[in-house]
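Report on the structure given below.
The basis for the numbers below is simple: all heavy atoms, side chains too, and nothing from hydrogens, waters or symmetry mates. All of these numbers come straight from a predicted model, not from anything done at the bench. Protein chains get the first letters and strands the later ones, always in sequence-line order, with residue 1 at the start of each.
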There are 2 protein chains.
Amino acid sequence: MGQRKFRNMDEFAKASGISRPTLSKYFNDPESVRQSTRQRIEKALKQYDYRPNFYAMNQNRRTTKSIGIVVPNLADPFFNEISRAIELACVEAGYNPIVLSSHGRTHRERENLEALKSLRPAGVLLAPFGRESDEAYIRNYGKDVPLVLFDADVVNGGEAFVGIDNYQTIDLIVKYLFRSGEPPCFFEMETPSNPNANKRHQAFVEAMDRIGHPTHIFKAKGEGWDFEEIGKSEGGRMLAESAFPTNTILCSNDRLAIGLLSAAYQQGIRVGHGPECSLRIAGHDDHPFSRFTCPSLTTIAQDYTAIAETAVATLFKAIESEQRSNERSITLFGGSLVMRDSA
Amino acid sequence: MGQRKFRNMDEFAKASGISRPTLSKYFNDPESVRQSTRQRIEKALKQYDYRPNFYAMNQNRRTTKSIGIVVPNLADPFFNEISRAIELACVEAGYNPIVLSSHGRTHRERENLEALKSLRPAGVLLAPFGRESDEAYIRNYGKDVPLVLFDADVVNGGEAFVGIDNYQTIDLIVKYLFRSGEPPCFFEMETPSNPNANKRHQAFVEAMDRIGHPTHIFKAKGEGWDFEEIGKSEGGRMLAESAFPTNTILCSNDRLAIGLLSAAYQQGIRVGHGPECSLRIAGHDDHPFSRFTCPSLTTIAQDYTAIAETAVATLFKAIESEQRSNERSITLFGGSLVMRDSA
DNA sequence: ATAAAATTTTTACGCGCGTAAATGACTTGG
DNA sequence: CCAAGTCATTTACGCGCGTAAAAATTTTAT
């Protein structure tokens, strides 16, 4: 394959004996031409190795086949995994995903969305920063482009939100910790930007209320995305000061827990659910490293695939309906308890 | 800002009182117009909020401002960090980086490169899979597009290669381990696809030769990218069988080491450099989690920034020279020893 | 076999911008 | 103030493909 090079679709049309408009239709959607024509085209494609000019293709299309995916930070395994799942779902639907990470910088969220706009994407999937996002901007953005939010919600932003039901997950793990030992206290960031953190805080308060135990919450100072480092230094300090009133600590997310585990290890504290252990630590999110921590981390697993597929399906529905619907849908998935060695 | 919406550059030209060709020049390179004109344009830009059509812009350009960055797997923190550094360097140079991950699937490397081709990028930075890459294809690719390889080399692929000097790094850490305790044995994947692994193997053999100690190498069975899992299961089995003849194990990379540390912990083996410890474990790459393992991992830090910046600079030189040069350059950076608690 | 439906071909135009050449206006230094 | 140089404007064309409409062809149903 690939003897000749073609400068444009016309040349390829001549060589393959198929008219240019038909070829154009085929490249838009291979299903849209007759089976026999499709085979003829694909045979010619194998023989000649031609690819339409991406830019010319998209210039005049009403709508492109590109889907923008914007996440706060690809270095965070959670966003890494979920954007990978979303990417996959887009490719399977015949779309062309474009993943953009804001690298933990709030202002880059807006820059990424702006950059996407000039690509005229068919739709955008956005995991907003949360507190620090430009909410008005996002709401406005959704009026121009089909937009589905995931992980973190913005009131009235886009067509829909798909995320996790933090009340269910926190209730689940609090209940487990309570039944299997002392009731937990809660370890979180002092000023979390992610709204899930706030919901988890609230959910913890309510869960402790329900089981009728006093609520203890400990806040780690620190800014940025180095959650492990903050968990280690701040949590380590609290451990050293014996600040925690119970032997069970529920961390707002796995990354904090990983830092806390590291601090506990350094201080010679035995962590685990066995009788010879003096501390139990649990996390939330089932970070890919949670199974390799020492001890392995008991946590809540989010269903990445379900969230990804629902977000993508919702977006496609919005794209196909061709109009912004008035009813905004919110889908929350439950998480499942992963019992490992740390609690 | 942003009262009116413009359908094209002509409308914006009329409204701003600047001719379209001048605007076109400005968007190509803001420095290419006179300072006073530039200020007028930027003032108008603030007032009106216009962005040129990305597709029309690139269609007729000799060369676009896009740089393709292709890595085997963004889920691997090493590639995550280095692609982030490269992305940054490209943005700073006024280019538009496009990061594509092959998600650990060999065939996607070629698909990504093909997809990039139809974007007519100014250049491409590629970290090939190695053994499983289509080497002939990559060599050929470099004839069409300015191409710089990093991390893993392909003989005669592209303009240049930028990577790490595994001989220096392995020698460094072997020497350290030898001076601070028993000489190490080596723990690696049985059939690594990454050529760095092969070089490290070779470097280990030579380093042990130099210090005059017998060379022991242990190979973990397993395929794919779950290095931690493989390190834990295979390494754990070897630990349980007391297969290692020395108390010091040098792992081919940090991800294997993290798995091995996890296995050692589960078996109640105390790992570290202190007298109360029975095992020392060292890694290679300074994985972001290495400082949070239990104990924290002694390892070799690669200079991501240096590699990224050199790769980008080399690519830009190739782009500017407008012709494939005959001399292929190879740049190798040394690593530095990071002494933590595990060895 | 024939009519109706589905698909392809022919023809033609336009998208938004890059780019080139000629012309015109401005800046700089003496 | 003028000449030379620099930069902006005017004019005009083309890029490669999307897309629309009408004509021609093929397929399907009757």
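Regarding A:Lys14, its NZ atom lies at a distance of 13 Å from the C1' atom of D:dG16, rounded to whole Å. At whole-Å resolution of the value, CG in A:Asn28 and P in D:dT19 are 6 Å apart. Summarising the geometry, the separation between CG on B:Leu23 and P on C:dG16 is reported as 16 Å, rounded to the nearest angstrom. Computed from coordinates, the A:Lys65 NZ to D:dC17 C1' distance equals 17 Å when rounded to whole Å. Between the P atom of D:dC7 and the CG atom of B:Asp29 lies a distance of 13 Å, rounded to the nearest Å. A straight line from NZ of A:Lys25 to P of C:dT10 spans 16 Å, rounded to a whole angstrom. Taking atom CZ on B:Arg61 and atom P on D:dG16, their separation rounds to 16 Å, with Å as the unit. For B:Arg38 and C:dT27, the CZ to P distance is 18 Å, given to the nearest whole Å.
When each of A:Ser36 and A:Thr63 is assigned the nucleotide of DNA chain D bearing its nearest heavy atom, the one mapping closer to the 5' terminus is A:Thr63. Checking A:Met57 against B:Gln35, the closest nucleotide of DNA chain D that is more toward the 5' end is the one next to B:Gln35. Nearest-nucleotide positions on DNA chain C place B:Phe54 closer to the 5' end than the other of B:Phe54 and B:Arg34.
You'll find the side chain of B:Arg139 reaches within 4.5 Å of the side chain of B:Val155, heavy atoms only. The closest side-chain heavy-atom distance from B:Met57 to B:Asn53 is not below 4.5 Å. For the pair A:Phe79 and A:Pro72, the minimum side-chain heavy-atom distance is below 4.5 Å.
Cation-pi contact between A:Arg120 and B:Tyr55: absent, since separation from the ring centre below 6.0 Å together with deviation from the ring axis within 45° is not met.
Side-chain contact annotation: A:Tyr137 with A:Glu114, donor-acceptor N/O pair under 3.5 Å present.
For A:Glu109 (side chain) and A:Phe129 (main-chain N/O), a donor-acceptor pair under 3.5 Å exists by modelled atom type. Within the 3.5 Å criterion, the main-chain N or O of A:Leu74 finds a donor-acceptor partner in the side chain of A:Asn80.
Neither OP1 nor OP2 of C:dC17 sits under 4.0 Å from any side-chain N or O of B:Ser24. Of the side-chain N and O atoms in B:Asn53, none sit less than 4.0 angstrom from OP1 or OP2 of C:dG16. For C:dG18, the OP1/OP2 oxygens have no side-chain nitrogen or oxygen of B:Tyr26 closer than 4.0 Å.
Across all strands, B:Pro21 comes closer than 4.0 Å to base atoms (heavy-atom distances). Note on B:Asn58: nothing from the nucleic acid sits closer than 4.0 angstrom, heavy atoms only.
For C:dG18, the base has no donor-acceptor partner in the side chain of B:Gln59 [N/O atoms by modelled type, under 3.5 angstrom]. You'll find a donor-acceptor pair under 3.5 Å spanning the side chain of B:Arg20 and the base of C:dG18, going by distance alone.
For the helix from C:dA1-D:dT30 to C:dG30-D:dC1, the angle separating the two terminal helix axes comes to 20°, with each axis derived from five pairs and the value rounded to 10°.
When each of B:Val124, B:Ile67, B:Thr314, B:Ile319 is paired with B:Val148, the side-chain contact (heavy atoms from CB on, under 4.5 Å) condition holds for B:Thr314 and for no other.
Closest to the side chain of A:Arg40, from the set D:dT9, C:dT9, D:dC17, is C:dT9. Taking only side-chain atoms of A:Ser19, from C-beta outward, the nucleotide of C:dC17, C:dT10, D:dC17 with the closest atom is C:dT10. Of all nucleotides listed (D:dA12, D:dT9, D:dG18), D:dT9 comes nearest to the side chain of B:Thr22.
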